[in-house]
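From a predicted model like this one, the values you see are computed outputs, not experimental measurements.
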Amino acid sequence: MPAAPALANAGATSAAVPLRDAEKSPLVSTEWLEKNIDSRKLRIVEVSVDPGVYERGHIPGAHTVAWHTDLVETVSRDIAGPEKFAALARRLGVDRDTTVVLYGDNNNWFAAWGAWVFAQYGLVDNVKLLDGGRKKWEAEKRPLDTRTPEVAASKFSVTPASTALRARFGDVLAVARKEKDEKILDIRSPDEFAGKIIAPAGVPELAVRAGHIPGSVNVPWGKAVNPDGTLKSVEELKKLYAEAGIDGSKPVITSCRIGERSSHSWFVLSRVLGYPARNYDGSWTEYGNAVGVPVVNLAGTVWGGK
């Protein structure tokens, strides 16, 4: 089993902590970020569910990235292609040796999606999540700003997106048909998993069927998070997933509705625990609409009927 990265408490002294001291952890604390906020090789990026929260006040020096336009292709359903991602990285002033701290609202849902996209373009160890995200920063009454920072464009070199961190429809179907010995972690709510509902309250139903992929286990993504928005300890996380049969001994595919909540669990499994994990961004909106595939529906609903 891969060793879990150390979660260093980087903000333990009153002086600014060198960026290298955060290299061993995929997370940085609010204290660490405030002390290092003016570091030249640091970029802070907000990726929120509601992009409008950035304009109302953000961490000083933070740039905003809109998940639904900047991190995806807006015509084809896909992550941002190499040229689009390179343009984004250059606009943010990000090079391959830049420490990038991502954060957002809703316990870092889409910040984790951003980390997943960044990782596919080779930005892995130098990309961190702010532990606790906006929630913890604001609760601690740390400074906010409304100004948009200006940075010199970088010369970020583009590479093809890696396929190692992304699961496709065929991958999950092979698991569902028991052709591959992998784990599927469905991180949706229990009611979505059981098929009582197709989508969370207030969200348009984008699948014609309810239920889950055969062979998958359900650990809602929010169970990995403390009340203050920070992630639970490594020991608690290992226990949480082990109870569902996930211990890092087999590859894991994370899945949800459109891949955003599951990217949060991918970050926890892959970056925090060091487990082999891929994110299935097609998720239920792809699988639940596919023809001729097996589905488990514990609630007995079909297209909203009984």
Where is the tightest heavy-atom contact between Pro190 and Pro220, given as atom of each residue plus distance? CD-CG, 3.9 Å
Validation row: Arg209, Val293 side chains within 4.5 angstrom (heavy atoms): yes
Ring-plane angle category for Phe110 and Trp113, please: parallel below 30°, perpendicular beyond 60°, tilted otherwise. perpendicular
Ignoring hydrogens and geometry, is there a side-chain-to-backbone donor-acceptor pair from Tyr103 to Ala62 under 3.5 Å? no
Check: Phe169 ring centre within less than 6.0 Å of Tyr280 ring centre: no
Check: Asp50 side chain, Gly52 main-chain N or O, donor-acceptor pair, under 3.5 Å: yes
Can you pull the salt bridge (Lys or Arg N to Asp or Glu O under 4.0 Å) pairs that have at least one residue in residues 277-298, sequence neighbours excluded? Arg166-Asp281, Asp171-Arg278, Glu182-Arg278
Determine whether Trp284 and Arg188 make a side-chain contact, defined as any pair of heavy atoms from C-beta on separated by less than 4.5 Å. yes
In terms of the angle between their ring planes, are Trp221 and His264 parallel, tilted or perpendicular, with boundaries placed at 30° and 60°? perpendicular
Spell out, yes or no, whether Ile187 and Leu165 are grouped together once hydrophobic residues are joined by side-chain heavy atoms under 4.5 Å, including indirect joins. yes
Heavy atoms of Leu206 and Asn289 approach each other most closely as O-ND2, 2.7 Å
Just by modelled atom types, is the Glu34 backbone N or O under 3.5 Å from a matching donor or acceptor in the Arg142 side chain? no
Counting distance only, does the side-chain N/O of Asp186 pair as donor-acceptor with the main-chain N or O of Asn218 below 3.5 Å? no
Answer yes or no: is there a side-chain heavy-atom contact under 4.5 Å between Leu33 and Leu42? yes
Can you find a heavy atom in the side chain of Arg96 that is under 4.5 Å from one in the side chain of Leu123? yes
Would a distance-only check, ignoring hydrogens and angles, find a side-chain to backbone donor-acceptor pair under 3.5 Å from Glu46 to Ile59? no
Quick one: are Pro149 and His63 in side-chain contact, heavy atoms under 4.5 Å? yes
Could you tell me which residues satisfy salt bridge (Lys or Arg N to Asp or Glu O under 4.0 Å) with Asp38, sequence neighbours excluded, listed by chain and number? none
How long is the straight-line distance from CG of Leu129 back to CG of Asn107, given to the nearest 0.5 Å? 11.0 Å
Main-chain N/O of Thr74 paired with His68 side-chain donor or acceptor, under 3.5 Å: no
Cluster question for you: counting only ILVMFWY and a side-chain heavy-atom cut-off of under 4.5 Å, with indirect links fine, are Val49 and Phe267 together? yes
The test is side-chain hydrogen bond (donor to acceptor under 3.5 Å, both in side chains); show your working for Asp247 and Ser249 and say whether it passes. CA-CA 6 Å; Asp247 59 8; Ser249 61; 2.5 Å; yes
Under the criterion side chain to side chain contact (heavy atoms under 4.5 Å, CB included), I'd like the reasoning laid out for Phe118 against Leu71: C-alpha separation, chi angles, the key distance, then a yes or no. CA-CA 9 Å; Phe118 275 54; Leu71 293 174; 4.2 Å; yes
Applying salt bridge (Lys or Arg N to Asp or Glu O under 4.0 Å), can you list everything that pairs with Glu138, at least two apart in sequence or on another chain? Arg134
Hey, is Glu192 close enough to Arg261 for a salt bridge, meaning N to O under 4.0 Å? yes
Take atom CD in Glu179; do more than 12 heavy atoms of anything else shown fall under 6.0 Å from it? yes
Minimum heavy-atom separation for Ala224 and Leu237, please, with both atom names. CB-CD2, 3.6 Å
Is there a side-chain contact between Arg257 and Pro200 (heavy atoms, below 4.5 Å)? yes
Does Val124 offer a backbone N or O that forms a donor-acceptor pair with the side chain of Arg271 under 3.5 Å? yes
With sequence neighbours left out, which residue pairs that include part of residues 173-193 fulfil the ring-ring contact (aromatic ring centres under 6.0 Å, His included) condition? Phe193-His212
Going by side-chain heavy atoms closer than 4.5 Å, which hydrophobic residues are tied to Leu298, directly or by a chain of links? Val296
Checking the side chain of Ser216 only, and the main-chain atoms of Ile213 only, is there a donor and an acceptor separated by less than 3.5 Å? yes
Side-chain donor/acceptor of Arg77 to backbone N/O of Gly282, under 3.5 Å: yes
Is the shortest side-chain heavy-atom distance between Val72 and Ile79 below 4.5 Å? no
Under a 4.5 Å cut-off applied to non-hydrogen side-chain atoms, are Ile37 and Pro60 in contact? yes
Leu27 backbone acceptor or donor facing Ser25 side chain under 3.5 Å: yes
If hydrophobic clusters are built by linking Ile, Leu, Val, Met, Phe, Trp and Tyr wherever their side-chain heavy atoms come under 4.5 Å apart, do Tyr287 and Val203 end up in the same one? no
Salt bridge (Lys or Arg N to Asp or Glu O under 4.0 Å) partners of Arg91, counting only residues at least two apart: Asp70
Test log, rule side-chain hydrogen bond (donor to acceptor under 3.5 Å, both in side chains), inputs Thr230 and Asp131: CA-CA 5 Å; Thr230 58; Asp131 201 15; 4.7 Å; no
Do NZ/NE/NH1/NH2 and the carboxylate oxygens of Glu235 and Lys239 come within less than 4.0 Å? no
